Amino acid sequence: MDNRPIGFFDSGIGGLTSIPYIMRKLPLEQIIFFGDTARTPYGSKSVETIRQFTMQIGEFLKKKDVKMMVIACNTISSTCLDDLRRAYPKIPIISAISPTARVIAESCAPEDHIGIIATKATVRSGVYERKIREKNHRLDKLYARECPAFVPLIEEGIIDNEIMDLTIHYYLDDFVEDNQIDTLVLGCTHYPLIRENLRRIYPGLRIVSSSKEAATAVQIELEKHDLLADRRNADNVFYASDLSENFVNMIQRILGKDQDELNIRFKNLDL
Ligand code: DGL
């Protein structure tokens, strides 16, 4: 049993899409979230820059005495997981990718055509393909597509309109058709916010979300290490490096609460 908070983080608002699962399944857990909204997106930046930003976030969460770090970001998971684990060997660190790859490996058949959509950094790392094959070498119909414009549009709240739909068509029509995709992995925690667009445009696709799988892994790991909370010490806190109107709107949309019900704070890491 451990009543310290869990630290979630992302380059921006995407990682928030894991939080409703935790709130529902583990209501006694206190969450500290950090979104680097001032410097998002990470996915098209160099690995060196992503690493520098990530280690600043790691230090911030360590100072908050978190019992677990959750990289609610595929881009950071694909580039900096080892760096974080080396820097914080005593803190369990959950990646967004391994739990998702495990679900694919365990639930897909060799004839399935699996499409992975993600940021440039995640796709270019090849981590998804590697992890899925490590866990199930019979899955060889794996296709990845980088969709770098999705995150900036989502951060801007451009979701329920034709600009987003056109962008989806632009990136994915040929990808889905040419590769006969039947399973689509949302390899970016921002993408659950366009899940309904994807469902409408490509009905019949099975969609697997890294946000949900990361949250499920949190529960499993807390149980395994006997780290579940048995009482609530404090409220959840949502830090962002830029408290823009968009951030506030999106956090309300994702968590379904008004601003005054949420503990939202500014934190500048770049000091
Ligand atoms: N949510 C992040 C991910 O899962 C978005 C990355 C970005 O900032 O480009 O990859």
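These numbers were taken from a predicted model, which means no experiment stands behind them. Both ligands and their constituent atoms are indexed starting at 1 by order of listing.
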Find all atoms of ligand 1 within a distance of less than 4.0 Å from any non-hydrogen atom belonging to N74, and give their numbers and elements. 3 (C), 4 (O), 10 (O)
Identify the closest protein heavy atom to atom 8 (O) of ligand 1: which residue and atom is it, and at what distance? S11 OG, 2.5 Å
Counting only nitrogen or oxygen atoms and a 3.5 angstrom limit, does T119 reach ligand 1? no
Within the 4.0 Å heavy-atom shell around Y42, which atoms of ligand 1 are there? 7 (C), 8 (O), 9 (O)
Note: ligand 1 atoms sitting under 4.0 Å from heavy atoms of T40 are 8 (O)
For D165, give me all partners under salt bridge (Lys or Arg N to Asp or Glu O under 4.0 Å), at least two apart in sequence or on another chain. R200
Which protein non-hydrogen atom lies closest to atom 6 (C) of ligand 1, naming both residue and atom, and how far is it? T75 OG1, 3.2 Å
Under 3.5 Å: N/O of T122 near N/O of ligand 1: no
Run the contact test for C73 against ligand 1 with a 4.0 Å cut-off on heavy atoms, strictly below, and give the result. yes
Does the distance from a Lys or Arg side-chain N to an Asp or Glu carboxylate O, for D174 and R145, drop under 4.0 Å? no
Thinking salt bridges, do E146 and R124 make one under a 4.0 Å N-O criterion? yes
For a 4.5 angstrom cut-off between non-hydrogen side-chain atoms, does L16 reach I13? yes
Measuring only between side-chain heavy atoms, which start at C-beta, is C188 closer than 4.5 Å to I117? no
Which of the numbered atoms in ligand 1 are under 4.0 angstrom from any heavy atom belonging to D10? 1 (N), 2 (C)
Is it true that Y42 and F53 have ring centroids separated by less than 6.0 Å? yes
min-distance protein heavy atom vs atom 9 (O) of ligand 1 -> G43 N, 2.8 Å
For F238 together with F247, are the ring centres under 6.0 Å from each other? no
